[in-house]
2 protein chains.
Amino acid sequence: MHDCRRPLRLVEPEWMSACDTCIVRNRAICAGLEHPEITALSAMGRRRSVSAGEPLIWEDDDSLLVANVIEGVLKLTTSTADGREQIVGVAYPSDFIGRPFGQTSAASVVALTDARVCVFARNDFDRFAREHPELEHKLLERTLAELDRTRAWMMLLGRKSAPEKIATFLLDMSERLADNGCMAHTGPARQFTLPFSRQQVADLLGLTIETVSRQFTRLKADGVVALPGRRDVEILDRAALQALAG
Amino acid sequence: MHDCRRPLRLVEPEWMSACDTCIVRNRAICAGLEHPEITALSAMGRRRSVSAGEPLIWEDDDSLLVANVIEGVLKLTTSTADGREQIVGVAYPSDFIGRPFGQTSAASVVALTDARVCVFARNDFDRFAREHPELEHKLLERTLAELDRTRAWMMLLGRKSAPEKIATFLLDMSERLADNGCMAHTGPARQFTLPFSRQQVADLLGLTIETVSRQFTRLKADGVVALPGRRDVEILDRAALQALAG
DNA sequence: CGCGATCCTTGACCGAGATCAAACTGGAAT
DNA sequence: ATTCCAGTTTGATCTCGGTCAAGGATCGCG
């Protein structure tokens, strides 16, 4: 789907921007931009590291920045006044985060793992996007896909039981965490490391940490999964998971 | 926010398209398109009536059409194999429905009230949109706003109690159903008629019909709302509702 | 006006998942 | 090693909302 054979350079000539060696260059919304444009965009943005647990955007803040995820995983959350939290989205490398063309951000963004992002001032980005329809089109496709995923998750939150939620979650992770690199599509991962704590899984599924823990324990007891480490999952019986997912 | 003083004509000269008299012309994504474009778009689309309960798009169907809502209210739903349903979106006049730039639709669309829509073949629309950045920009803004709304709803589905869900729902309806016309912004409606049956409210909130009914009864008993008809709501104590909504 | 169908409400009961509390685990720091 | 501590698991109990089962209201229609 994307060309991954872009030449790797160890030294950057003067005319090259940081984008030329960016590992998500072919997958992020920047893909397809040619040289004058990529240079202009590169001049507006700057790279930033965010360590695990560190916030990047606050809910209800003025929407001041947008970003591309280069590396790592981040969560988008909304919270109630009394501290309940719901994870409303998860951003992986090449994903776009933030709220362009709007005054405020509806969700907080916090890094789940150490992460690197490429941030832009929102109004700079907005202006640039409006002048580059190809970029806006990429952003539109991404936003439509994210809306589809979000709606599927609403079904999970509103109508699925705890066992169904957990099974659906594990299958989803198995696909999302499969091929983050740029190799040929390898299919869903049999084993993987979750970027979430138990509490975060609970916040994603609309459950409590205790229920999540009990469901994991049960799947392990039934031989459906193995749990070699706190965050490690190995799927032993995918068919059983699919049956449970409903 | 939009200009509502577009002249009304009772007869249409030859060169006018149906769009020129369209009541959502100034609010839908078509707003801002000028004459050669609006004529081309008009030629591609056709108007269609959908009666209450009638489907317009089937979940998992090939995404063959997209549409603008002219009049009426429609629901977007996803269902599980065993028949559980979740309403994942509601479309009002001037809203855009369907999945452009994608092979399949993730949700079914069914009319809640008698409705009129302006439908386009998806591939015609896709091609036209790619050639008209201004249209794509409007669609992007709309999709981003819808994503924000959907994420706020995820919080409701995952973390709110039944009383909180009902209160949030009523306040949301009070705003959405306020000024569907094009008059000056009137603020939230004090009384309104729901476009939903009790079962549909349940499908929207991730509850059962019995729970919805009990919560309505309780709000009535507490003098927070009056319920003059099956679908009629009058808000007597908005502050109480806001407190309940959390 | 009365009939029937559909939608809605109410009641009794149940159970999945929340809550409260305590014990366990595994990695980091001393 | 030992201690410490956050994160996790497990157990006991409770409660909110679901389920099952009747009734009641409302509306379209003859």
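Throughout, protein chains are lettered first and strands after them, A, B, ... in sequence-line order, and every chain is numbered starting at 1.
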To the nearest angstrom, the CG-P distance between L156(A) and dG17(C) comes to 12 Å
| task | Check whether more than 12 heavy atoms from other residues, nucleotides or ligands sit under 6.0 Å from atom CZ of R231(B), and answer yes or no. | result | yes
Closest to the 5' end of DNA chain D, once R159(A) and S213(A) are matched to their nearest nucleotides, is S213(A)
query: Got a donor-acceptor contact below 3.5 angstrom from the S51(A) side chain to the D114(A) backbone?
result: no
The complete set of salt bridge (charged side-chain N to carboxylate O under 4.0 Å, His left out) pairs with one or both residues in residues 236-246 of chain B, sequence neighbours excluded, reads none
What residues 216-227 of chain A contributes to the DNA chain D interface at heavy-atom separation below 4.0 Å is T217(A)
Counting any heavy atom closer than 4.0 Å, what does R198(A) reach on the DNA or RNA strands: base, sugar-phosphate only, or nothing? sugar-phosphate
Regarding the side chain of R230(B), the nearest nucleotide among dC20(C), dA6(D), dA25(D) is dA25(D)
Taken to the nearest whole Å, CD/Q200(B) to C1'/dC7(C) is 11 Å
Pairs under 3.5 Å (N/O, protein and nucleotides 13-17 of chain D):
residue: dG17(D); atom: OP1; partner: A162(B); partner atom: N; Å: 2.7

Rounded to whole Å, CG of D232(A) lies from P of dG27(C) at a distance of 10 Å
Task: R159(B) bridged to E85(A) by N-O distance under 4.0 Å - done: no
>> Looking at the base of dG7(D), is there any donor atom on it, or on the side chain of R231(A), that sits under 3.5 Å from an acceptor on the other one?
In response: no
Carboxylate-amine/guanidinium contact E146(A) R151(B), below 4.0 Å: yes
Whole-Å distance, D203(B) CG to dC7(C) P, equals 13 Å
Give a yes or no on this: more than 12 heavy atoms of other residues, nucleotides or ligands lie within 6.0 Å of atom CZ of R149(A). yes
Note to self: Taking atom CZ as the centre, does R48(A) end up with more than 12 heavy-atom neighbours from other residues, nucleotides or ligands that are less than 6.0 angstrom away?
What the structure shows: yes
Touch class at under 4.0 angstrom, heavy-atom based, for S197(A) against every strand present = sugar-phosphate
To the nearest angstrom, the CD1-C1' distance between I209(A) and dT10(D) comes to 12 Å
I166(A) CD1 to dT9(D) P, in whole Å, measures 11 Å
Here the distance between atom P of dT9(D) and atom CD of Q199(A), to the nearest Å, is 12 Å
Check: Has R47(B) got more than 12 heavy atoms of other residues, nucleotides or ligands less than 6.0 Å from its CZ?
Finding: yes
Under 3.5 Å, is there a donor-acceptor pair between the T193(B) and D232(B) side chains?
-> yes
Separation of dC13(C) atom P from E210(B) atom CD, nearest Å, is 16 Å
